[in-house]
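The structure presented is a predicted model; accordingly, all values stated were derived computationally and were not measured.
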Amino acid sequence: MRRRPRAMPKPDWRAKVVEWNTEKGYGWLQWADKQVFLHRREYSGPNRTPEVGEEVHFILGKDAQGRHCAKNAVSDLGRGYGTGFLSLLLLCAMLGLPAIAVQRLPIELWKTTAYALTISLITYAAYASDKRRARTRAWRIPEAHLHVLELLGGWPGAWLAQRHLRHKCSKGSYQFIFLLIILIHQFAAYDSLQNWRLSRALIKHVAGTSISTHINDFSWGLTETRKHPQMHRNE
């Protein structure tokens with residue numbers, strides 16, 4: 001059986017802004033001998049809108065009518081999107097619940113902290129590598145591999161990479177899975193603080209009542225001696 005050839009990655013181009021309509025929020029890039037349409041929502045730079053003469057990197061895409069347009073345009077002057085105070089504040093808020101839950105794990109805190117930082121750095125590096133490969137037209141890192149890193153705990157690094165590198169942040173299907181992974185981590189953190197009550201109920205519902213006794217007897221990492229030390233000493 002013959003394998004289907006792999007699709008070539010979309011290249012990252014460079015062009016200069018030659019026209020911009022501030023009121024309507026769009027303009028044109030001069031790319032070789034052609035002009036390419038650019039909308040404000042596809043632009044990332046130090047200002048909310050680009051200036052005429054500013055150079056940007058972009059991916060050539062198509063709009064709903066099939067016309068060529070610029071996607072994920074990033075200014076050469078720097079990236080001002082998403083790494084500001086509000087984005088960092090939201091990230092800290094999302095890290096609050098997992099940070100509390102981690103302290104209840106039967107593992108030394110410095111080990112879990114080191115793992116979280118390491119997996120986030122690896123995830124950020126993977127995003128940066130994929131962005132660089134897009135610009136050099138090399139083979140891209142599969143999206144599934146990036147999602148696996150996020151699921152393993154690297155989602156904070158992915159959050160920062162998406163906003164600082166302006167990468168994978170405009171693809172709806174990718175963002176849906178990414179946000180779902182964040183919700184999974186939030187749910188796991190909350191449920192662990194509830195002694196896995198919701199997870200137990202879900203497993204009972206899916207697997208039936210035949211294993212209910214085994215689920216109730218399972219400590220899920222929290223031994224009964226922690227809850228009732230006096231009862232065990234009396235026994």
Side-chain angles (χ1 to χ4, degrees), residues 6-91 123-147 150 155-182:
R6 296 176 62 181
M8 289 294 294
K10 295 181 179 180
D12 197 346
W13 302 103
R14 185 174 181 176
K16 183 179 294 186
V17 180
V18 294
E19 183 181 342
W20 188 260
N21 190 318
T22 304
E23 293 181 359
K24 295 183 178 180
Y26 65 79
W28 300 89
L29 305 177
Q30 186 64 44
W31 178 54
D33 58 344
K34 299 179 181 179
Q35 287 193 345
V36 180
F37 178 81
L38 172 63
H39 194 275
R40 179 173 54 196
R41 64 173 175 267
E42 296 292 341
Y43 168 79
S44 173
N47 304 308
R48 294 191 61 184
T49 58
E51 298 180 356
V52 174
E54 184 177 330
E55 292 190 347
V56 298
H57 288 276
F58 69 97
I59 295 176
L60 189 63
K62 291 185 178 181
D63 59 15
Q65 287 74 39
R67 297 172 297 186
H68 285 98
C69 62
K71 298 284 187 179
N72 294 342
V74 180
S75 173
D76 280 358
L77 299 178
R79 303 175 179 87
Y81 172 81
T83 54
F85 176 75
L86 291 179
S87 180
L88 294 176
L89 184 63
L90 182 57
L91 177 60
T123 305
Y124 189 99
Y127 268 80
S129 176
D130 189 54
K131 181 73 173 182
R132 185 168 56 252
R133 294 183 186 197
R135 289 182 174 178
T136 58
R137 310 185 197 182
W139 293 116
R140 305 286 296 278
I141 297 176
E143 292 183 351
H145 292 182
L146 297 177
H147 285 317
E150 296 157 3
W155 64 268
W159 175 274
L160 293 175
Q162 289 178 18
R163 282 145 184 80
H164 183 252
L165 302 176
R166 188 63 171 165
H167 191 49
K168 299 293 186 182
C169 54
S170 62
K171 188 174 181 180
S173 59
Y174 188 92
Q175 283 298 302
F176 175 79
I177 299 177
F178 174 64
L179 294 178
L180 182 61
I181 290 173
I182 294 179

Rounded to the nearest 0.5 angstrom, the CD-CD distance for Q175 and Q162 is 4.5 Å

Note: A15 and F58 closest approach over all heavy atoms is CB-CE2, 3.5 Å

When rounded to the nearest 0.5 Å, the distance separating NZ of K168 from CZ of R163 is 14.5 Å

Scanning both residues in full, the closest heavy-atom pair of R133 with W139 reads CD-O, 2.9 Å

Nearest heavy-atom approach of K62 to C69 is C-SG, 3.7 Å

### Message
Would Y26 and E42 count as a side chain to side chain donor-acceptor pair (under 3.5 Å) here? Give the steps.
### Response
CA-CA 10 Å; Y26 65 79; E42 296 292 341; over 6 Å; no

Separation between CD1 (I59) and NZ (K71), nearest 0.5 Å, reads 10.5 Å

Heavy atoms of L38 and P50 approach each other most closely as CD2-CG, 4.4 Å

*Are the side chain of E150 and the backbone N or O of I181 linked by a donor-acceptor pair below 3.5 Å?*
no

ask   = For the side chain of E54 and the backbone of E51, is there at least one donor-acceptor N/O pair under 3.5 Å apart?
value = yes

(message) Any donor-acceptor pair under 3.5 Å linking the side-chain atoms of Q30 with those of E19?
(response) no

Under a 4.0 Å threshold between the charged nitrogen and the carboxylate oxygen, would R14 count as salt-bridged to E55?
yes

Separation between CH2 (W159) and CG (L88), nearest 0.5 Å, reads 10.0 Å

Tightest non-hydrogen contact, residues Y124 and L160, listed as CE1-C, 4.0 Å

Checklist entry - Would you say L146 and I141 make side-chain contact, with heavy atoms under 4.5 Å? => result yes

Here the gap from K131 atom NZ to H57 atom NE2, rounded to the nearest 0.5 Å, amounts to 9.0 Å

Short side-chain to backbone donor-acceptor contact, D63 and R67, under 3.5 Å: yes

Rounded to the nearest 0.5 Å, the CG atom of L29 sits from the CZ atom of F37 at a distance of 10.0 Å

Checklist entry - Any chance CD of Q65 has more than 12 other-residue heavy atoms, nucleotides or ligands included, within less than 6.0 Å? => result yes

Heavy atoms of A70 and V36 approach each other most closely as N-CG1, 3.5 Å

Can you tell me if Y174 and E143 form a side-chain donor-acceptor pair at under 3.5 Å?
no

Side chains of N72 and H167 only: does a donor on one sit below 3.5 Å from an acceptor on the other? no

message: So W20 and R40, do their side chains get closer than 4.5 Å, heavy atoms only?
response: yes

